[in-house]
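Lettering follows sequence order; numbering is per chain, from 1.
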Amino acid sequence: MAFDPTPAERGVYHGGRLKGAECTWDAKGSRVDNVVVLASRGVGASCRCPTMPLCRPETCSSGNGGESTFLNLLFIKGGRETMFIKSASVSMSNEGTTYSRPKGNIQFLNSVPSFQPSGMDSHHPSPEYSSLLLAGPRAGALKQAHARIIVTGHSRSLPFITKLATLAVAAGAAPYAHLLATSHPAPDSFLFSSLTRAAAHHGLPVAAIAFYRSLLSAALPFSSFTFTAVAKACADLSAIRTGTAIHAHSIVLGFGSDRFVLTSLLVLYSKCGQLGVARKLFDAIRDRGVVAWNAMISGYEQNGLAERGIEVYREMQAAKAVPDSMTFVATLSACAQAGALDLGREVEKRIVSERMDISVFLGSALVNMYARCGVVDKARRWFDALQERNVVTWTSMIAGYGMHGHGHEAIKLFHLMRREGPPPNHVTFVAVLSACAHAGLVMEGRDAFDCMKRIYGLVPRVEHYCSMVDMFGRAGLLDEAMQFISDYMPGEPGPEVWTAVLGACKMHKNFILGVEVAERLIALEPENPSYHVLLSNIYALSGKMHHVEKVRNTMIKRRLKKQIGFSLIELGGTSHLFRMGEKSHPQTTEIYQYLEELIHRISAAGYMPETESVLHELEEEEREGALRYHSEKLAVAYGLMMSVGSTTPIRVIKNLRICGDCHLAIKFMSAVENREIVVRDKHRFHHFKDGKCSCLEYW
DNA sequence: ATAGGGTTAG
């Protein structure tokens, strides 16, 4: 059959026979033993333009393209077998033409009956199209399929080229795909849109943006598909500036109210932390699909605004929109973050009653929700019941044990994972090490750290070093913590590591080292209020009250505000938020009265306020009674007051670490009220029962 | 004739 080369191909043919080539070919390309040249110029290695990685040299203004031309050669041998020799390249420059011989062995990739072109059949894809599908996202096989397409005369067919190029992108070969697109005599909008989408979906966001620009410079029409894809690429890169430009472009071209485009832009803004804009877009979507709802819930959740995400879920119910499994995954994550156990259970009921298929995502979300809402055994029951478990599922469960101080369970599960689960990753080891730190399992932690490097080849990151230092520190092994830092940590330790050391100094009352470390931290990040608070804590503990004053004054002078603590309690599906000294709750008077009585009763039982916990408060009036009205005490008192006579545990979530005095007081409360009280603080769970806490003072 | 849309777990 006749071979009708594209202009790019023709240019190569005119170049004549390539010296040194081991194959012969003719201009018709109709015979066996031919070399088909897939040609273009200045793509890939020859054009290293930083602004437009995939631009053509002639449109590249940076001036560093177009000096040499690379040719990719496809060697084709006809007959019953198709043979592909690793692509060779020809470089043509002012110094002359050089030819590099193909390296490697001749590969017989697949057998094909013949090179006879066949007509397209809508019911049965042609052998050429089949060979594309068969090749899948593998660069080598695709090049071979490509050779076939050229020889059989389909190289101008846009469906073929589009399929080929999108598969090439999926194989990670974006430059090759770009070459295919630009060497086509008349590439269309669909082709570039498909490439943009493929690149955005296969972790090549930079290439996706480049394809979008190709479309722009080729003056081809845009479609909403292009925008959904390129918006995703920007979202993945957190490229808010490019993203905003694309947003504007989409409006100019009349896609401003397309729900797909709007949803993808919603995700863009939410991934860039601009939730206000995201919400505006969400509100602007008429007939919003389930995906928009899901994106909004997840957007809030990912940005730490789980309560807002839960509100959106409620709105969704009110709007009678039909949720899908992703809705539940996102909502369960929000529940996990907010500690909204009631809603989590409600979602679980829906999932079960609707006989929904429990995917790994949904299953992990359930495990995670129960673990982080303080019901570890339920988390484990789901974990055991799941059909499919992956590294995230295992890690969630291990982290769940760790958070509750069940270090041995965490280690046991980790060993089980090593035997019959997926290979652990970085996050798994954070969970394992932190479980060891919270349970005082120093030896096990050391083993895990060692095995992480030796067996799994994982390079420890800051968070692993922190966990190790934290572990030594909590166990009172400050010398070993310092030794570990100097022996194992490459480079200068960052503030995170020193914070861990400082926490240990505070816990074990090592004032000299503590002050030194705190001052180092303040020098490192003078604007961070938490270091000042830690320093003043250290001074307070060592009785140097004039130093406390000094730190306090520095903070006031620099306008540094300590992070405000709050506690949440969920009752009857609504969550109530308390801040220290909170007086805005409608039942304020009763709550304070109840708390007073409670304090009276626990004092009778032997409770003595731990005054040192209050010394870091900044304002005088905050000190007055601050200890009595810490947010966690208010929340617990409210919970007890509202459920007198009940036996269900009281559950409270605190955003910061629980303070020493509250910890003591709640232990007493659990005894005098004979109630189980569960408090989740920033780092872990505390299960109070019969005057004891599950953390065994280890936090 | 013909090749597709936006969202998920630690």
> Would you kindly say whether A:His146 and A:Tyr176 are connected by a side-chain donor-acceptor distance under 3.5 Å?
yes
> Would A:Trp293 and A:Phe282 count as a close aromatic pair, with their ring centres under 6.0 Å?
yes
> OP1 or OP2 of B:dT8 versus the side-chain N and O atoms of A:Gln302: is any pair under 4.0 Å?
no
> Nearest whole angstrom, please: distance from the C1' of B:dA9 to the CG of A:Asp324.
14 Å
> What contact category does A:Ser193 fall into here, base, sugar-phosphate, or nothing, at under 4.0 angstrom with non-hydrogen atoms?
base
> A:His154 has an atom NE2; how far is it from atom C1' of B:dT2, in whole Å?
13 Å
> Classify A:Gln337 by what it touches in the nucleic acid, base, sugar-phosphate, or nothing, heavy-atom distance under 4.0 Å.
nothing
> Look at the side chain of A:Ser396 and decide which nucleotide, out of B:dG10, B:dG6, B:dA3, has an atom nearest to it.
B:dG10
> Taking CZ from A:Phe255 and C1' from B:dG4, how many angstroms apart are they, rounded to a whole number?
14 Å
> Is A:Asn294 side chain donor-acceptor paired with the B:dG6 base, going by distance under 3.5 Å alone?
no
> Using a heavy-atom cut-off of 4.0 Å across all strands, would you classify A:Val392 as base, sugar-phosphate, or nothing?
base
> Between the base of B:dG5 and the side chain of A:Thr228, is one N or O donor paired with an acceptor at under 3.5 angstrom?
no
> Give the rounded distance in Å between these two atoms: CG of A:Asp357 and P of B:dA9.
18 Å
> Could you check which of B:dG6, B:dG10, B:dG4 has an atom nearest any side-chain atom of A:Ser223?
B:dG4
> From C-beta outward on A:Lys271, which listed nucleotide comes closest to its side chain: B:dT8, B:dA3, B:dG4?
B:dT8
> Taking only side-chain nitrogens and oxygens of A:Arg197, does any of them come within less than 4.0 Å of OP1 or OP2 of B:dG4?
no
> Side chain of A:Lys163: nearest nucleotide among B:dT7, B:dG10, B:dG4?
B:dG4
> Do the two ring centres, one from A:Phe222 and one from A:Phe192, sit under 6.0 Å apart?
no
> Could you tell me how far apart A:Ile246 (CD1) and B:dG5 (C1') are, to the nearest whole angstrom?
16 Å
> If I take atom OH in residue A:Tyr129 and atom P in nucleotide B:dA1, what distance separates them, rounded to the nearest angstrom?
17 Å
> Heavy atoms from C-beta onward define the side chain here; which of B:dG5, B:dG6, B:dA9 lies closest to that of A:Ser364?
B:dA9
> Working note: A:Thr428 + A:Trp394, criterion side chain to side chain contact (heavy atoms under 4.5 Å, CB included); need CA distance, chi angles, decisive distance, verdict.
CA-CA 8 Å; A:Thr428 315; A:Trp394 285 87; 5.9 Å; no
> Ignoring the backbone of A:Val329, work out which of B:dG5, B:dT8, B:dA3 is nearest its side chain.
B:dT8
> Should the pair A:Arg197 and A:Phe225 be classed as cation-pi, given the thresholds of under 6.0 Å to the six-membered ring centre and 45° from the axis?
no
> Decide if the gap between the ring center of A:His426 and the ring center of A:Tyr456 is smaller than 6.0 angstrom.
no
> Select one nucleotide: of B:dT7, B:dA3, B:dG10, the one nearest the side-chain heavy atoms of A:Leu158.
B:dA3
> Examine B:dT8: is either OP1 or OP2 under 4.0 Å from a nitrogen or oxygen in the side chain of A:Ser298? Give yes or no.
yes
> Mind calculating the distance between CG (A:Leu132) and C1' (B:dT2) to the nearest angstrom?
13 Å
> Indicate, with a heavy-atom threshold strictly under 4.0 Å, whether A:Thr428 touches base, sugar-phosphate, or nothing.
base
> A:Phe225 on top of B:dG5's base, within under 5.5 Å and under 30°?
yes
> Across the strands shown, which category fits A:His426 at heavy-atom distances under 4.0 angstrom: base, sugar-phosphate, nothing?
nothing
> In this structure, how many angstroms lie between the P atom of B:dG10 and the CH2 atom of A:Trp394, rounded?
18 Å
> Among residues two or more places apart or on two chains, list those pairs meeting salt bridge (charged side-chain N to carboxylate O under 4.0 Å, His left out) that have a residue in residues 292-309 of chain A.
A:Arg308-A:Glu311
> Please work out if A:Val290 contacts a base, only the sugar-phosphate, or nothing of the nucleic acid, heavy-atom cut-off 4.0 Å.
nothing
> At 4.0 Å (heavy atoms only), tell me whether A:Val391 reaches a base, stays on the sugar-phosphate, or touches nothing.
base
> Would you say B:dG4 has OP1 or OP2 under 4.0 Å from some side-chain N or O of A:Lys232?
no
> Which nucleotide in the set B:dG10, B:dG5, B:dG6 lies at the smallest distance from any side-chain heavy atom of A:Asp258?
B:dG5
